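To start, the structure itself, in structure tokens.
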Amino acid sequence: MSTNSPYADLILHWYDHHQRILPWRAKKGEAPNPYHVLLSEIMLQQTQVATVIPYFNRFIQDFPTICDLAKASLDHVMSLWTGLGYYSRARNLHQCAQQIVDQGGNIPTTINELKKLSGIGDYTAAAIYSIGFNQPAVPVDGNVERITARLFAIKESLPAIKPKLASLAKMLNQGQAAQERPGDFAQGLFDIGATICKPKNPLCLLCPLSAVCKACLDNIANDLPKRSPKAAKPIKYGISFFIQGSNNNVLFHKRPMKGVLAGTWQLPSTSWEEKVWDLPAGLKQMGYTGDWEYIGDINHVFTHFILKISLYKPIIFQDSPINAEGYAWYNLSQLDKYPCSSLMKKAIDCCL
DNA sequence: CACGCGTGGCT
DNA sequence: TAGCCAAGCGT
């Protein structure tokens with residue numbers, strides 16, 4: 001296939017003048033660090049650049065190499081991940097590092113080998129291959145889907161047309177320039193998607209692709225890609241208990257390793273149900289007794305439901321759940337050593 | 001293959 | 001404000 005594509009030259013020329021400076025990105029003329037690329041790509045899954053930057057820097061500080069990451073305890077990795085969300089990514093990343101070290105310590109250099117690693121799928125394998133090793137591939141993420149849908153004015157709805165957009169996107173890097181600079185080409189697509197071809201109010205006047213973009217020419221870029229309507233989010237309810245012991249320690253409970261917020265520590269809580277709890281029912285499920293004082297409510301939005309938690313603290317705590325599996329007393333000043341969700345940080349803030 | 005899986009910024 | 005959506009993966 002030697003068809004020349006006009007897209008790569010335009011993207012690379014724009015990238016040479018407007019690329020973003022990012023901590024995992026090789027400077028001009030320098031070779032990329034595949035470990036930095038791998039780590040950043042895992043963190044960037046469904047997560048914005050500005051959110052990832054401080055997490056990436058803390059990881060590189062604590063784990064300068066993939067071997068350091070593989071040797072680290074899962075608790076260390078999980079606690080550094082606190083607040084970043086989608087916590088299975090952290091466990092898969094840790095496992096991925098161990099798989100790589102077990103295979104000799106070098107990150108695989110083919111897409112098929114990369115995809116065998118935990119937490120690495122089609123997109124991330126292509127991203128590491130193109131950006132980390134400068135090999136020709138088009139990593140198809142949300143940015144690339146959006147750019148592609150607009151370039152060709154595809155009017156059908158996501159997610160049904162994911163395969164169609166992926167197959168169109170894979171033709172974008174035809175031409176000599178993209179074959180010579182696959183990493184810059186891929187990152188150019190991401191930077192254009194993030195700063196120009198935005199989901200809302202795209203800046204077509206500044207876009208290097210405007211002259212070859214069908215949606216721009218038809219003035220419908222802002223309306224593409226279309227998406228099928230999403231199901232409404234149910235509201236779930238729960239009660240959490242703020243129980244302080246001696247030395248200002250607070251009772252925590254570790255969530256199961258599967259499901260929502262897997263493996264993170266939380267205040268002892270009832271199950272989350274699509275009905276409002278009353279306090280007696282909550283106490284009964286927990287096995288607690290005595291009188292409790294209402295502290296307040298917090299709301300938290302997950303991908304698939306909205307959670308409303310009511311917080312209570314005991315007037316006098318007389319039960320002894322510390323004997324139960326998965327419970328521990330932690331001083332709040334030491335909590336950063338343990339993985340904890342943003343939901344639970346919100347709950348604790350409400351109690352102080 | 002449709003769904004479960006977090007969080008924060010933007011409009 | 002409330003919804004939308006982000007450098008997706010695993011099952």
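Please read all numbers here as calculations on a predicted model, not as lab measurements. Scope of the values below: all heavy atoms of this structure, side chains included, with no hydrogens, waters or symmetry mates. Lettering of chains follows the sequences in order, A, B, ..., and the numbering in each one begins at 1.
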Please list, in numerical order, the residues of residues 107-117 of chain A that have a heavy atom closer than 4.0 Å to any atom of DNA chain B. none
Any salt bridge (Lys or Arg N to Asp or Glu O under 4.0 Å) pairs touching residues 144-166 of chain A, not counting sequence neighbours? A:E145-A:K162, A:E156-A:K164
In residues 16-28 of chain A, what residues come within less than 4.0 Å of DNA chain C, judged by heavy atoms? A:R20, A:L22, A:W24, A:R25
Under 4.0 angstrom, heavy atoms only, what part of the nucleic acid is A:S40 near: base, sugar-phosphate, or nothing? nothing
Please give me every residue in residues 224-241 of chain A whose heavy atoms get under 4.0 Å of an atom in DNA chain B, ordered by residue number. none
Can you give me the N/O atom pairs linking the protein to nucleotides 9-11 of chain B at distances under 3.5 Å, or say none if there are none?
none

Provide the start and end nucleotides, 5' to 3', of the part of DNA chain C that has atoms under 4.0 Å from heavy atoms of chain A. C:dC5 to C:dG10
Which part of the nucleic acid, if any, lies within reach of A:L343 when heavy atoms closer than 4.0 Å are counted: base, sugar-phosphate only, or nothing? sugar-phosphate
Side-chain donor-acceptor distances from residues 189-202 of chain A under 3.5 Å, at least two apart:
| from | atom 1 | to | atom 2 | distance (Å) |
| --- | --- | --- | --- | --- |
| A:D191 | OD1 | A:R20 | NE | 2.9 |
| A:D191 | OD1 | A:R20 | NH2 | 2.8 |
| A:D191 | OD1 | A:R25 | NH2 | 3.0 |
| A:D191 | OD2 | A:R20 | N | 3.0 |
| A:D191 | OD2 | A:R25 | NH1 | 2.8 |
| A:T195 | OG1 | A:D191 | O | 2.7 |

List the atom pairs, with distances to 0.1 Å, where a side-chain N or O of residues 49-59 of chain A and a protein N or O form a donor-acceptor pair under 3.5 Å, not counting sequence neighbours.
| from | atom 1 | to | atom 2 | distance (Å) |
| --- | --- | --- | --- | --- |
| A:Y55 | OH | A:T82 | O | 2.9 |
| A:Y55 | OH | A:L84 | N | 3.4 |
| A:N57 | ND2 | A:I53 | O | 3.4 |

I'd like a table of atom pairs between the protein and nucleotides 3-5 of chain B - only N or O on both sides, under 3.5 Å - with the distance next to each one.
| from | atom 1 | to | atom 2 | distance (Å) |
| --- | --- | --- | --- | --- |
| B:dG4 | OP2 | A:H304 | ND1 | 3.3 |
| B:dG4 | N7 | A:H304 | NE2 | 3.3 |
| B:dC5 | OP1 | A:V260 | N | 3.1 |

Return the residues of residues 55-78 of chain A meeting this criterion: a heavy atom under 4.0 Å from some atom of DNA chain C. Order them by number, or give none. none
Map every base of DNA chain B to its dot-bracket character, where paired means a Watson-Crick or G-U wobble contact with both distances under 3.5 Å and | marks a partner outside the strand. .||||.|||||
Tell me which residues in residues 137-164 of chain A put a heavy atom below 4.0 Å from DNA chain C, sorted by number, or none. A:D141, A:G142, A:N143, A:R146
